[in-house]
Each structure stands twice: as C-alpha cells, then as structure tokens.
Amino acid sequence: MKKRGTPILYALAVVLAATLAGCAADDLRHAAPGQEETVRWRISINNAGATRGEDGTFPGGETTILDASIYFFHPYDGRILRLRHLTAEEIASVNNREPLLILSVPAAAQRFFMVANSAASGVNIADMTTLDGVLNTQFGIGSQMTDGVLHSAEKVIMKGMSDVFTESAPGLYEAGITIAPLMSRLEIGPISAQPVEEGTVTPGDVVSFTVSGIYLNYFYTTMNLHGATSFFYDNPEKDYTSLNSNYATTKMFDIPGAASVGGTASPAAGDVWAYQFIAPYFLPHIIVEMNDIVYSDGEGGTTATSPRNHASGTQYLTIQSYNHASDGTAMANALPAHVYKISRLEFDADNLSDNPYEVRQLILATLEVAAWSAEAIDTEYD
C-alpha cells in the first residue's frame, strides 16, 4: 500500500531547507555587511609632524612615519573590517608624499583610522577587533622618547581619521587623511644669567654657572589613542632629596653638564633641550639645577658665595607659569601636536633657591606656540 503524502513531505522539506539556506545567507550578510564585495582605496596622507620647528634644522625635530597601520571599520558598530600594515616600500612612498593604493577593502567600510609609529614606540594595538579597542589603547610617556637623541620627536605616535570618501571610478574610493602627533613638545633654548638691576652690576649677580640638570615635573604619565589622559600625574613637588631618581622613570630629565660662556649655557649646536609631554590641561613645570655658580662681589671680582643672600653650592631655578609670547596673556592649557618653545630662558640671582619650589622670586616664562612647530616663551619676573 502506498503511503500518501510522502511527496508532499519531501517537497516541504526541500522548501524548508531552501528557506533556511536563504536565512543563513541573509544572516551572513547582516553579520558582515559588504564582505562579499571589495573595493580599492586611493589614500593621500598628510603628515603634520613632518614640518616642525621654526626652521627644522636641529636633529630629531621632524616626525617621520616609521611604521603605520590602517583600520578600515564598519560605520555603524565600529568593527574592524580590514587591518592593513603598510610595507616598508609603502612607508617610504608615504614619507615622500605619494598617494597610497590599498586593494581588497570590504565595501562596507566608509572611513578608516590610521596610527603611525606605534610599533616603534612598543605600543601593541594590532590585535584589536573594534575601533573602540584601538582608541582605548593606553601608552606611557616613556615610550615617546628616543634615547640618546636628546628626546627626539622622531618616533612619537601619530593618529588621524580619514575624510569622507568619494568614488572616483566604479569600485575606487578616494580619501585624504591628516595624521598628527598625540603628544605635545616643550623645547628650551639657551639659559642666560642677567643682572638683578638691568644695566648695572651689583653684588650677588650671577657671572657664570653650569647647568647640571633640567627636570620636568607635574605631567600626565599615560594616555590613550583617543587622547584621554590618565587620572594620575607625576608631581613630586617637595620630594627633591634625589631629583634623578624622582624623574628617571619617565625620562623627563637631562643631565647636560653645560657650562656657561659669557653667562649663557647653551645646548649642543643646532639643538634644544626638549621633551614630549601629554596634553591637554597644563604645561609641565621646569626645574633647572645649577652648579659651579660664580657671583659678582660688587668690586670687580667674583666669589662662590653670594654677597646678597649667602647662597652657595647647588641652586635651582623653578618655572611654573607661562605666557604667550605673541600677546603676553597667560597660557591656560596646552594642546596636542603643538610645540612650546622658550627661545631663551633668562634668570637673575633672585630667581634661584636652595631647593626646587622654594623660590625667592618667581620666574614667569613666555612661550612661542604653533601646530607642531613652535610658540616662543619669553621670561619676565614678578
């Protein structure tokens, strides 16, 4: 006896299987939109860190791209649809300001995020699967220094978000991007002793000295690629029993041993004393340690002990406040990718103290600032 309904059940099974297969295909498309289709991207990259300094003559002043990663992400949920590490040949082309062609990018990606010099800084972000994961990657300020190159700006981390693309031909997207350093930079030029009373030589004026240390204090120690700082900052204001140990962990110090000539101590020819620091909010304090100080005795001779206040031995110059050189207004905060430059740091004997922050007379520095170039800082006295 034939069992009726078997062909019907079989047909229903076929229909059901086809329906499920169709749903699976739809689910796949919804899970990874545009994965079935890829496009090409032609990218023009502007490196804002490649032009810095007033003339760019000193070593380590320009920030070149040493390594770079491009994160193409989904516009709605931020998933990384494609991660592309640039090859050495591509990096050379980008540093020569040549456009970059990237093939086989999922069509769902409409923008991309670029990070440069993370590998050079030892910051691992390559395994992130979402844009938020990339942006929340933390790094420490110590990674932004280049040992032995006077705090070179060469390998500072840079980032950027692409412009909205245009489709210049079928399947060819074009977009530009500007990448800029996340850090800020503080540069200090020659340090000069001035008479307490302009135009006269009085007992206790500083005649010569040696800069035995330059230290920075009051700065954030970590940030993420979003630009958000940590809640903690380095601020051992009154703990000056051992300056080297206090400041060594984040490398925010120099031991230049620069002796003054004619009352002025200068960094090596063509250089500045320089530091990368984390902005925004505030500029770091500067503490200059001086030894071998020689004072005028007021009678044409010199002495190692100040006739004015009996100071002798190691003395400190502390700078906590800054003004814009352009208009003399107080500098409220610092901005990322800006360089803050003291073209010449001038002081007199009344600005020195036996310990940092125990100032006899406050020194006010005036800064020059520009977008990864320089804002000058002049010095005034209260």
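Owing to the predicted nature of the structure, the values given are computational and were not obtained by experimental measurement.
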**Message:** For the aromatic rings, using the six-membered ring if either is Trp, is the centroid distance between F72 and F112 under 6.0 Å?
**Reply:**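 Yes, the ring centres sit under 6.0 Å apart.
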
**Prompt:** Are the aromatic rings of F209 and F347 close, with centres under 6.0 Å apart?
**Reply:**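 Yes: the rings meet the under 6.0 Å criterion.
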
Check whether [X] reaches the backbone of [Y] with its side chain - one donor and one acceptor, N or O, closer than 3.5 Å.
X    : Y    : answer
K159 : P181 : no
N95  : A92  : no
D163 : A175 : no
N323 : G328 : yes
D348 : Q194 : no
T137 : V134 : yes
D67  : S118 : yes

Check the side chains of [Y] and [X] for a donor-acceptor pair under 3.5 angstrom, ignoring hydrogens and angles.
X    : Y    : result
E167 : Y173 : no
R79  : T130 : no
T329 : H324 : no
S93  : N96  : no
E174 : T166 : no

**Request:** Just do the side-chain contact (heavy atoms from CB on, under 4.5 Å) check on L182 and M158 with the steps written out, would you?
**Result:** CA-CA 6 Å; L182 277 82; M158 296 184 287; 5.5 Å; no

**Test: R84 and E90 ion pair at under 4.0 Å** =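 So R84 pairs with E90 through a salt bridge.
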
Atom [atom1] of [X] and atom [atom2] of [Y]: how far apart are they, to the nearest 0.5 Å?
X    : Y    : atom1 : atom2 : answer
Q276 : L186 : CD    : CG    : 10.0 Å
Y340 : E187 : OH    : CD    : 12.5 Å
I43  : I177 : CD1   : CD1   : 7.5 Å

**Message:** Can you tell me which residue among D292, N291, T314 is in a side chain to side chain donor-acceptor pair (under 3.5 Å) with S212?
**Reply:**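 Of all the options given, the one that passes is N291.
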
If we only count heavy atoms from C-beta on, is the [X] to [Y] side-chain gap below 4.5 Å?
X    : Y    : value
M161 : R111 : yes
M290 : L352 : yes
I102 : R40  : no
I214 : I287 : no
V288 : L345 : yes

**Request:** Please go through L172's hydrophobic cluster and name the other residues, only I, L, V, M, F, W, Y counting, with side-chain heavy atoms under 4.5 Å joining them.
**Result:**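 L101, L103, which link up through side-chain heavy atoms under 4.5 Å apart, make up the rest of the cluster.
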
**Request:** Go through the steps for I286 and I342 under the test side-chain contact (heavy atoms from CB on, under 4.5 Å), then give the verdict.
**Result:** CA-CA 11 Å; I286 302 170; I342 304 176; 3.7 Å; yes

**Request:** Evaluate side-chain contact (heavy atoms from CB on, under 4.5 Å) for R185 paired with H338, printing each intermediate quantity in order.
**Result:** CA-CA 6 Å; R185 182 173 167 91; H338 282 59; over 6 Å; no

**Request:** Would you sort out whether H285 and Y357 count as a side-chain contact (heavy atoms from CB on, under 4.5 Å), showing the intermediate values?
**Result:** CA-CA 10 Å; H285 300 168; Y357 294 95; 2.7 Å; yes

**Request:** Consider only side-chain heavy atoms of I, L, V, M, F, W and Y, link residues closer than 4.5 Å, and tell whether M128 and L135 are in one cluster.
**Result:**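 Yes, same cluster.
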
Taking all heavy atoms of [X] and all of [Y], pick out the closest pair and write down the distance.
X    : Y    : answer
T210 : G257 : CG2-C, 4.0 Å
Y275 : I188 : CE1-CD1, 4.3 Å
Q110 : W41  : O-CH2, 3.3 Å
I80  : L131 : CD1-N, 3.7 Å
A68  : M114 : CB-CE, 3.6 Å
P336 : S184 : CA-OG, 3.5 Å

**Request:** Could I get the full list of ring pair (Phe, Tyr, Trp, His ring centres under 6.0 Å) partners for F113, not counting sequence neighbours?
**Result:**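 Listed in chain order: nothing, the list is empty.
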
